[in-house]
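Scroll down for the structure; my scribbles are underneath it.
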Amino acid sequence: MDKGVEINQSNFSKMLEWLDDDLEKAGQAYESIRIRLTKIFYARGCHTAEELADETIDRVTKKMDKLIHTYKGNPKLYFYGVAKNVFLEHTRKPVEKELPFHLKKEILDQDELEQRDECLTKCLKKLPKDENDLIINYYKGEKRKKIENRQKIMEDLDLTPQNLRIRAYRIRTKLQKCLIKCLG
Amino acid sequence: MPAEKVKNSDIKKYLLGLSDGDGEIIEESLLVDDEFYENFLSVEEELIQEYVDDELTSEEKKQFESHFLISEERFQKVKFAQSLRKHIDQKETTRKAETTKSETQKSKSINFFSNFFSSPIPLAVSLLVVVALMWGIFSYFGSNSLSPLEKEFAELNKGDFNDVGKYANLSRLNLISGVTRGSNGFGKLSKKNLTNKVLFRLALPTKTESERDFKIELLKTQKIIFMQNRIRVYKNEGGEELRFFLPTDLLKKGEYQIKAMDNSKQDEEIIYSFLIE
């Protein structure tokens, strides 16, 4: 670890440049790495995944002066290597076991449920008809019926199961963003 | 193991903390492969929906709650999945209820008709109504299907012509079958002296006791220009005759023939000739 090195505008800019020559693309790559590292830490069961992702990025940024000249390969994989070390250090620290979120949260009250449903109705209406139909039919039914529904969508739209899942995911993401905005 | 060989079930296990050694491949692919990352996210959403839909095994459910559900973001995703499920189920329930209601109403209608027609009285009443309706339709369209000339003929001939003396002032033609032009008794009228209707009296060669009526055809130069069924037979001093009026507009200058056929003996034709000059 580079304990004496501070994170400043200079090494942060170098890190961005290391990721991509185009500053805008570099910014997107940075965000993408941060989100994906967070996913990895959460998947490894870390409750403080976002902090660990930031810690990983900070450590890489501190090494930029050396790295920019010595490291050959995909920068993203370097972040991953550092993330594994950050995780190992994290596992050695005594961590207070936190309760899962759903156990800490109060049950949604009727007003909130209604508000969410109202927003969801609005958001579904905002979707183009084909997307609205797809998302409704994709999640409609239970077990066998649901599988049959999805089979029919695949046949109708000539999609592979993978393509259908991705398409449903994209619509779902759009809906979630709309819902969050609607709920304020 | 290359990223493309990572199955969705492997990603699901990884997310639940049940991975058996493929974690590094998944994590590396997550960082460097955008397509893999998007698929990873879709599997994550599916996992959340499966949890909400209670489709996970007990072990998966336990891992989901203890290992996966550890961030505010994921908790929000679960809430979203619950809302989506509730909304879709409600929509489906409403749709099914509407379908059932529609089918019930349809079934009630079928039952009503089935019960209605299984009983003789309603059936008889219905048949009478149908017959009455058909008669009405037939009468309406029947009367309206007449040509103007037929209507005029019907109007002229709606009365009883027993007392022919009443029509002494009108143009008339008394015709005997078989009398041809140039023969004595050949009927002829002057066009310029015709009244607006002409009374025709056609002597019938034979007499019968039974009720009968005739069909007539008016021909000019061998072409039928008018025909009429049900011409009534009247008694006269010497026997029987057909009496009817023809509108004067029908009679232009020229030679005419009238074919009369006894409706009970279709094969017999009685031919009368006359001239309008």
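Each chain gets a letter, A, B and so on, in the order the sequences are listed, and its residues count up from 1.
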Original post:
Contact part of B:Phe68 toward chain A, heavy-atom cut-off under 4.5 Å: side chain, backbone, both or neither?
Top reply: neither

Original post:
What part of B:Leu16 gets closer than 4.5 Å to chain A, counting heavy atoms only: side chain, backbone, both or neither?
Top reply: neither

Subject >> B:Glu155 and B:Lys158: CA distance, side-chain angles, deciding distance, salt bridge (charged side-chain N to carboxylate O under 4.0 Å, His left out) verdict >> reply: CA-CA 5 Å; B:Glu155 186 64 26; B:Lys158 65 183 179 186; 2.7 Å; yes

Subject >> Polar contact flag, side-chain donor to acceptor under 3.5 angstrom, A:Asn163-A:Thr160 >> reply: yes

Subject >> Contacting region of A:Thr173 [heavy-atom separation from chain B under 4.5 Å] >> reply: neither

Original post:
Which answer fits B:Glu45, side chain, backbone, both or neither, if we ask what part of it has an atom under 4.5 Å from a heavy atom of chain A?
Top reply: both

Original post:
Where on A:Cys119 is there a heavy atom nearer than 4.5 Å to chain B: the side chain, the backbone, both, or neither?
Top reply: neither

**OP:** Find the one option among B:His87, B:Arg74, B:Lys86 whose heavy-atom pairs under 4.5 Å with chain A are most numerous.
**Re:** B:His87

Original post:
What part of A:Ile136 is in contact with chain B, defined as an atom under 4.5 angstrom from a non-hydrogen atom: side chain, backbone, both or neither?
Top reply: both

Original post:
Is chain B contacted by the side chain of A:Leu175, its backbone, both, or neither, given a heavy-atom distance below 4.5 Å?
Top reply: both

Original post:
B:Phe153 and B:Phe226: aromatic ring centres closer than 6.0 Å?
Top reply: yes

Subject >> Matching residue for A:Lys146 among B:Glu46, B:Glu50, B:Glu55 - test: salt bridge (Lys or Arg N to Asp or Glu O under 4.0 Å) >> reply: B:Glu55

Subject >> Structural part of B:Asn39 lying under 4.5 Å from a heavy atom of chain A >> reply: both

Subject >> Side chain / backbone / both / neither for A:Phe41 at chain B, heavy atoms under 4.5 Å >> reply: neither

**OP:** Please check if any side-chain donor atom of B:Glu44 sits under 3.5 Å from a side-chain acceptor atom of A:Tyr169, or the reverse.
**Re:** no

Subject >> No-hydrogen, no-angle side-chain donor-acceptor test under 3.5 Å, A:Arg36 and A:Ser32 >> reply: yes

Subject >> Heavy-atom proximity to chain A below 4.5 Å, by part of B:Leu41 >> reply: both

**OP:** Name the option with the most non-hydrogen atom pairs under 4.5 Å to chain A; the candidates are B:Arg85, B:Gln90, B:Lys91.
**Re:** B:Arg85

Original post:
Between A:Gln162, A:Arg170, A:Lys140, A:Arg172, which has the largest tally of heavy atom pairs under 4.5 Å with chain B?
Top reply: A:Arg172

Original post:
What part of B:Asn8 is in contact with chain A, defined as an atom under 4.5 angstrom from a non-hydrogen atom: side chain, backbone, both or neither?
Top reply: side chain

Original post:
Does atom CG of A:Leu77 have more than 12 heavy-atom neighbours, drawn from other residues, nucleotides or ligands, at distances under 6.0 Å?
Top reply: yes

Original post:
So what's closer than 4.5 Å to chain B heavy atoms on A:Asp117: side chain, backbone, both or neither?
Top reply: both

Original post:
Among B:Val78, B:Asp34, B:Leu15, which has the most heavy-atom pairs under 4.5 Å with chain A?
Top reply: B:Asp34

Original post:
Relative to chain A, which of B:Leu84, B:Asp89, B:Asp53, B:Asp54 shows the most heavy atom pairs under 4.5 Å?
Top reply: B:Leu84

**OP:** Taking the six-membered ring for Trp and the full ring for Phe, Tyr or His, determine whether the centres of B:Phe214 and B:Phe244 are under 6.0 Å apart.
**Re:** no

Original post:
Does the side chain of B:Met227 come within less than 4.5 Å of B:Lys259's, by heavy atoms?
Top reply: no

Original post:
Checking salt bridge (charged side-chain N to carboxylate O under 4.0 Å, His left out) for the pair A:Asp156/A:Lys152: CA distance, chi angles, key distance, verdict?
Top reply: CA-CA 6 Å; A:Asp156 290 349; A:Lys152 188 174 182 313; 2.8 Å; yes

Original post:
Can you tell me if B:Asp213 and B:Asn263 form a side-chain donor-acceptor pair at under 3.5 Å?
Top reply: yes

